[in-house]
Structures are given as C-alpha cells and as structure tokens.
**Student:** 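Could you have a look at this structure, given as structure tokens, before my questions?
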Amino acid sequence: MATVSIDAWHAVRADLNCHQQKRHQQRLFRRSPTTYLAALEQKFLQSALPL
C-alpha cells in the first residue's frame with residue numbers, strides 16, 4: 001500500500017468537501033431560486049442585527 005501523509009489527505013478531503021458544498025448550494029438555487037434567496041437573506045439579516 002502507498003503511504004500518504006495524513007495532512008495531505010486532510011487537505012484533499014477539505015477541498016472535496018468545499019467543492020461538494022458549493023455544488024449543493026448551486027443545486028438548491030436551481031431547484032428553487034426564490035426559496036434559496038429568501039433563506040440567504042434571512043441569514044444575512046440575522047448576522048447583521050446587533051445582539
């Protein structure tokens with residue numbers, strides 16, 4: 001078996017997870033742009049409001 005650095009494996013895995021998350025967000029937008037944008041706006045408003 002080939003030996004692979006754990007750090008290198010974690011870096012590749014993080015890149016793959018990032019790519020998968022982006023594809024998931026694109027899919028949600030294509031299925032229902034209005035719902036996606038409303039949820040995005042809600043997140044923004046919650047983060048922008050002072051505590």
Side-chain angles (χ1 to χ4, degrees):
M1 291 184 80
T3 58
V4 177
S5 164
I6 293 291
D7 292 333
W9 182 84
H10 282 294
V12 170
R13 192 72 210 142
D15 286 344
L16 290 173
N17 285 338
C18 183
H19 179 71
Q20 183 180 22
Q21 185 64 23
K22 288 178 184 178
R23 296 284 296 168
H24 179 68
Q25 294 299 321
Q26 291 170 357
R27 196 175 319 116
L28 290 176
F29 179 77
R30 282 193 310 271
R31 284 186 183 170
S32 180
T34 306
T35 304
Y36 176 83
L37 292 174
L40 191 62
E41 183 178 15
Q42 187 64 30
K43 273 188 194 177
F44 172 74
L45 291 174
Q46 286 178 351
S47 69
L49 293 176
L51 296 176

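In what follows, every heavy atom counts, from backbone to side chain, and hydrogens, waters and symmetry copies are set aside. All residue numbers in this chain count up from 1 along the given sequence.
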**Student:** Verify side chain to side chain contact (heavy atoms under 4.5 Å, CB included) between N17 and Q21, making sure each step is shown before the conclusion.
**Tutor:** CA-CA 6 Å; N17 285 338; Q21 185 64 23; over 6 Å; no
**Student:** Any side-chain heavy-atom pair from Q25 and Y36 closer than 4.5 angstrom?
**Tutor:** yes
**Student:** What's the spacing between L37 CG and L28 CG if we round to 0.5 Å?
**Tutor:** 11.0 Å
**Student:** To the nearest 0.5 Å, how far apart are CZ in R13 and SG in C18?
**Tutor:** 12.0 Å
**Student:** Out of curiosity, D7 CG to H10 NE2, how far, rounded to the nearest 0.5 Å?
**Tutor:** 7.0 Å
**Student:** Nearest 0.5 Å please: distance from the OG1 atom of T35 over to the CZ atom of F29.
**Tutor:** 11.0 Å
**Student:** Output the distance between atom CZ (R27) and atom CD (Q20), rounded to the nearest 0.5 Å.
**Tutor:** 8.0 Å
